[in-house]
Asker: 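This is the structure I have questions about; it appears just below.
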Amino acid sequence: MNNELFKYTLRLGDTNLILGQRLSEWTGHGPFLEEDLALTNITLDIMGAAKAFLEYAAKIEGKGRTEDDLAFFRNDREFYNALIVELPNGDYAKTIMRQALVDTFDLYFYQELVKSKDETLAGIAQKSIKEVTYHLRHSSSWVERFGDGTEDSHEKIQSALNELWRYTNDMFEMTEVDEVLIKAGIAVDLNLIKTKWEKHIDELLAKSTLKKPENAFMQSGSRKAIHTEHLAYILSEMQTLPRMLPDAKW
Amino acid sequence: MENKQFEDVFEAKLAKNEMIEPKDWMPDNYRKHLIRQISQHAHSEIVGMLPEGNWITRAPSLRAKVVLLAKVQDEGGHGLYLYTAAETLGTGRDELLEALHTGKAKYSSIFNYPTLTWADIGAVGWLVDGAAIMNQVMLQRTSYGPYARAMVRICKEESFHQRQGYEIMCHLSFGTAEQKAMAQDALNRWWFPTMMMFGPPDSESPNSENALKWRIKRESNDQLRQRFVNQTVQQVEYLGLTVPDPKLKWNEEKKGYDFSEPNWVEFKNVISGNGPCNKERLAARNQAHKNGEWVRAAAQAFAKKRAQKIAA
Amino acid sequence: MSDNQGPIWEVFVQKKAGQPFVHCGSLHAFDKEMALQNARDLYTRRQEGCALWVVKSSEIVASSPEDIGPFFEPSNDKVYRHPTFYQIPDAIGHM
């Protein structure tokens, strides 16, 4: 079961790490100063969660690797982050829409994970619930502003939704890893949170005068570490320094 | 009251070390000088996010990444506090930004130098923030209330920045040979530009006299520069690095170091737009502002719609 | 086109429950929810508070420097408002 728990924790760590990495591209380039700082706060929370999960993954693995080894010395075919988080930020509407979709997932996910029999995972979830509640408040209020703002912003947020939608199902996919860990009372049954997620997203879209895309073909692959073309670029940038000087300590 | 009387009240306040507040009468050139200085300071913080932000996605550890994110975010916050302080003098943020984006307003030249390696992030935090702090500490007692209050907040937050930079320099200097070389290279490139941050020699500083009189500034450029060198040399020595100045020498008589003047021709060049990154920095700010235009328009339209709904 | 950064808001932070709200700075925001969120993201990043007020700057009514005399000096001679004005016999002790 150790191997399953390792993979599961990596998945959580990687999703946060890659999302944080993407969001960090905005720091210093936000749409206005206040919002630049607000998004960076969110980025910091997410990076904090990434660090906590990867630290734990390294411990479970028990091979003397650290969270930094996991972040900087694995290749793209060893990353288990959800596909949606590795997509380019696009314009602010796309970044915000992705946040709303992921924040909603995270909130319901952590609300279940907090009940996990694995105390470390439950502990990280406990801390994350508060953070994600705020993230969702932030992203939802912006989805609403864009949806019911100008014609231009409405169009931008709608097309962001249309583009991102096909990557949403990937977040809910379950494998043998989930199966084993659900039986052990450790992992979250993603089928359970999917209904809640859909209901909440429907409400948000309605409030924001947006239409849910219909009959979209759903992309998948992250559970097998098969990614979009974007991930390898993210990693080559993120990992450049530790790989250039592998003996160095930072 | 007559203008003369107002002026007497103003002068009396300065003499008593009292603060001038937004609604108080103040001479036009005091106001102008402040708007220029505070907004330049704000622009420097905002443009300063760019060279450091350049390494966020490449920070070599998760710890280094969050620290750098938090630091760059702080710079943004400082810019914001300063813009709001400048706005109390009657110039809107949109006008201030416009002046930055069109190249009319200046910002600290130091940010027109590139951050080429990770060691530059260490050097910027240690040297550039170190130099900035010397100015900022003094400005906590500046005569204009909102500016002084912003500076108090900024200094409080800034205190971790220089330590963060020096910590990076320590890791590098006591690390592998490649890391140490990286640290020395960064020191070589940042030493003299940092010296320039204190401004031209006192003999050639046109704005200093009024600034000192009004307590907008409290020490001269040369005094601050000397103090900076005095306190930094020991930190360089601890790292086992070398100050890239062959003339650097302790002078027992003045209880301070003698050192070479920075290249003031280069300084003027960078100020007038010919530094290595002037164009890139300005382009990046303009791009972000332009990309944000529709976001701000949407937020404004949304707020208006909601206000109408409530009114109806 | 005119660029809008949104109206200015003043931020008041309560450090701990029970303590007064203290002005800590300003910010720009387009609506109330944004003003509140921005205040949180700007002014409470270092555990500075547990509650926030935001109010549009334009809604604040402030006294002017010319008011100093007529507003605040008349209270200077009202010493009878302070407890030390009154003589209490030593035998009574603290009151």
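Below, read A as the first sequence line, B as the second, and so on, with proteins coming before strands; counting in each chain starts at 1.
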Asker: For residues B:Asn291 and A:His29, determine if any side-chain heavy atom of one lies less than 4.5 Å from a side-chain heavy atom of the other.
Answerer: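 The answer is no; the side chains never approach within 4.5 Å.
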Asker: Between A:Ala248 and chain B, with a heavy-atom cut-off of 4.5 Å, which part of the residue counts as in contact: side chain, backbone, both or neither?
Answerer: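 Both the backbone and the side chain of A:Ala248 come within 4.5 Å of chain B.
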Asker: Which atom names give the shortest non-hydrogen contact between B:Arg58 and A:Glu237, and what distance separates them?
Answerer: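 Taking every non-hydrogen atom into account, CG-O, 3.3 Å.
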Asker: Could you have a look at B:Arg285, B:Lys304, B:Gln287, B:Arg93 and say which one has the most heavy-atom pairs with chain A under 4.5 angstrom?
Answerer: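 Top option by heavy-atom pairs under 4.5 Å: B:Arg93.
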Asker: If you count heavy-atom pairs under 4.5 Å between each of A:Asp36, A:Ile96, A:Asn41 and chain B, which one has the most?
Answerer: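 Of A:Asp36, A:Ile96, A:Asn41, A:Asn41 has the most heavy-atom pairs under 4.5 Å with chain B.
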Asker: Look at A:Gln21, A:Met47, A:Met244, A:Gln239 and state which one has the largest set of heavy-atom pairs under 4.5 Å with chain B.
Answerer: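 Highest number of heavy-atom pairs under 4.5 Å: A:Gln21.
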Asker: Do A:Asp148 and B:Arg306 sit within salt-bridge range, that is, some charged N less than 4.0 Å from a carboxylate O?
Answerer: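 Yes, A:Asp148 and B:Arg306 are salt-bridged.
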Asker: Of all the heavy-atom pairs spanning A:Lys249 and B:Gln179, show the shortest one and how long it is.
Answerer: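 What the structure gives for the nearest pair is O-NE2, 2.9 Å.
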Asker: Considering only heavy atoms and a distance below 4.5 Å, find which of A:Asp247, A:Thr240, A:Asp152, A:Leu245 pairs most often with chain B.
Answerer: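 Of the options given, most contacts go to A:Leu245.
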Asker: Can you tell me which portion of B:Ala303 sits under 4.5 Å from chain A's heavy atoms? Options are side chain, backbone, both or neither.
Answerer: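 Contact with chain A involves no heavy atom of B:Ala303 at all.
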Asker: Need one label for B:Phe174: side chain, backbone, both or neither, based on atoms under 4.5 Å from any heavy atom in chain A.
Answerer: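 It is neither, since no heavy atom gets under 4.5 Å.
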Asker: Looking at A:Glu203, I want to see if its CD is surrounded by more than 12 non-hydrogen atoms of other residues, nucleotides or ligands under 6.0 Å.
Answerer: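 Check passes, neighbour count above 12.
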Asker: Could you tell me if the side chain of A:Phe146 sits less than 4.5 Å from the side chain of B:Val295, heavy atoms only?
Answerer: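 Heavy-atom side-chain distance check passes, below 4.5 Å.
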Asker: Evaluate whether atom OH of B:Tyr238 has more than 12 neighbouring non-hydrogen atoms of other residues, nucleotides or ligands under 6.0 angstrom away.
Answerer: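 No, not enclosed.
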Asker: At a 4.5 Å cut-off on heavy atoms, which part of B:Ile46 comes close to chain A: side chain, backbone, both, or neither?
Answerer: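 The side chain, not the backbone.
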Asker: If you round to the nearest 0.5 Å, how far is CH2 of A:Trp26 from CD1 of B:Ile56?
Answerer: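 The CH2 atom of A:Trp26 is 13.5 Å from CD1 of B:Ile56, to the nearest 0.5 Å.
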Asker: Is B:Thr57 close to chain A through its backbone or its side chain, or both, or neither, when contacts mean heavy atoms under 4.5 Å?
Answerer: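 B:Thr57 touches chain A through backbone and side-chain heavy atoms alike.
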Asker: Identify which of A:Lys51, A:Glu25, A:Glu67, A:Lys156 forms the greatest number of heavy-atom pairs closer than 4.5 Å to chain B.
Answerer: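 Maximum pair count with chain B is reached by A:Lys156.
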Asker: Which heavy-atom pair separates A:Phe72 from B:Leu62 by the least distance, and what is that distance?
Answerer: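 For A:Phe72 versus B:Leu62, the nearest heavy atoms are CE1-N, 3.8 Å.
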Asker: Just so I know, are the side chains of B:Gln73 and A:Thr43 near enough to count as touching, which here means a heavy-atom distance under 4.5 Å?
Answerer: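 With C-beta onward as the side chain, the pair stays apart.
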Asker: A:Ser24 and B:Leu69: which non-hydrogen atoms are nearest, and at how many Å?
Answerer: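 That closest heavy-atom pairing would be CB-CD2, 3.9 Å.
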Asker: If I measure from the heavy atoms of chain A, does B:Leu172 come under 4.5 Å with its side chain, its backbone, both, or neither?
Answerer: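 Side chain only.
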Asker: Answer whether the closest heavy-atom distance between the side chains of A:Met238 and B:Lys65 falls below 4.5 Å.
Answerer: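 Yes - at least one pair of side-chain heavy atoms lies under 4.5 Å apart.
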Asker: Taking all non-hydrogen atoms of both residues, which atom of A:Asp68 and which atom of B:Ser61 are closest, and how far apart?
Answerer: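 Where A:Asp68 meets B:Ser61 most closely, the heavy atoms are OD2-CB, 3.3 Å.
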Asker: Look up atom OG1 in A:Thr27 and atom NZ in B:Lys71, then write down how far apart they are to the nearest 0.5 Å.
Answerer: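 Output value for this atom pair is 13.5 Å.
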Asker: Evaluate ring-ring contact (aromatic ring centres under 6.0 Å, His included) for B:Phe302 paired with A:Trp142, printing each intermediate quantity in order.
Answerer: CA-CA 10 Å; B:Phe302 178 82; A:Trp142 273 109; 9.0 Å; no
Asker: With a 4.5 angstrom heavy-atom cut-off, could you sort out which part of B:Ala64 is near chain A: side chain, backbone, both or neither?
Answerer: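 For B:Ala64, there is no contact with chain A at all, as no heavy atom is under 4.5 Å.
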Asker: Is atom CZ of B:Arg163 surrounded by more than 12 heavy atoms (other residues, nucleotides or ligands) closer than 6.0 Å?
Answerer: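 At most 12 heavy atoms, drawn from other residues, nucleotides or ligands, come within 6.0 Å of this atom.
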Asker: Give the member of A:Pro31, A:Gly147, A:Gly48 that has the highest number of heavy-atom pairs under 4.5 Å with chain B.
Answerer: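 That would be A:Pro31.
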Asker: Quick check on the interface: out of B:Lys305, B:Lys290, B:Arg63, B:Gln300, who has the most heavy-atom pairs with chain A under 4.5 Å?
Answerer: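 Heavy-atom pairs under 4.5 Å are most numerous for B:Lys305.
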Asker: Less than 4.5 Å to any heavy atom of chain B: does that hold for the side chain of A:Leu17, its backbone, both, or neither?
Answerer: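 It is the side chain, since no backbone atom gets that close.
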Asker: Counting heavy-atom pairs closer than 4.5 Å to chain B, which one of A:Thr40, A:Leu33, A:Leu44, A:Thr150 comes out on top?
Answerer: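 Option with the greatest count: A:Leu33.
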Asker: Counting only heavy atoms not in A:Lys59 (residues, nucleotides, ligands), do more than 12 fall under 6.0 Å from its NZ?
Answerer: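 No.
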Asker: Please report the shortest heavy-atom distance between B:Trp294 and A:Tyr92, naming the atom on each side.
Answerer: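 Looks like CZ2-N, 4.0 Å.
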Asker: Side chain from CB out, backbone as N, CA, C, O: work out which of these in A:Glu151 comes under 4.5 Å of a heavy atom of chain B, or both, or neither.
Answerer: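 Answer is neither: A:Glu151 stays 4.5 Å or more from chain B.
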Asker: Measure distances from A:Glu34 to the heavy atoms of chain B and classify the residue's part below 4.5 Å as side chain, backbone, both or neither.
Answerer: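 A:Glu34 touches chain B through backbone and side-chain heavy atoms alike.
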Asker: Could you tell me whether A:Lys94 atom NZ has more than 12 heavy atoms of other residues or ligands within 6.0 Å of it?
Answerer: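 Result for NZ/A:Lys94: enclosed.
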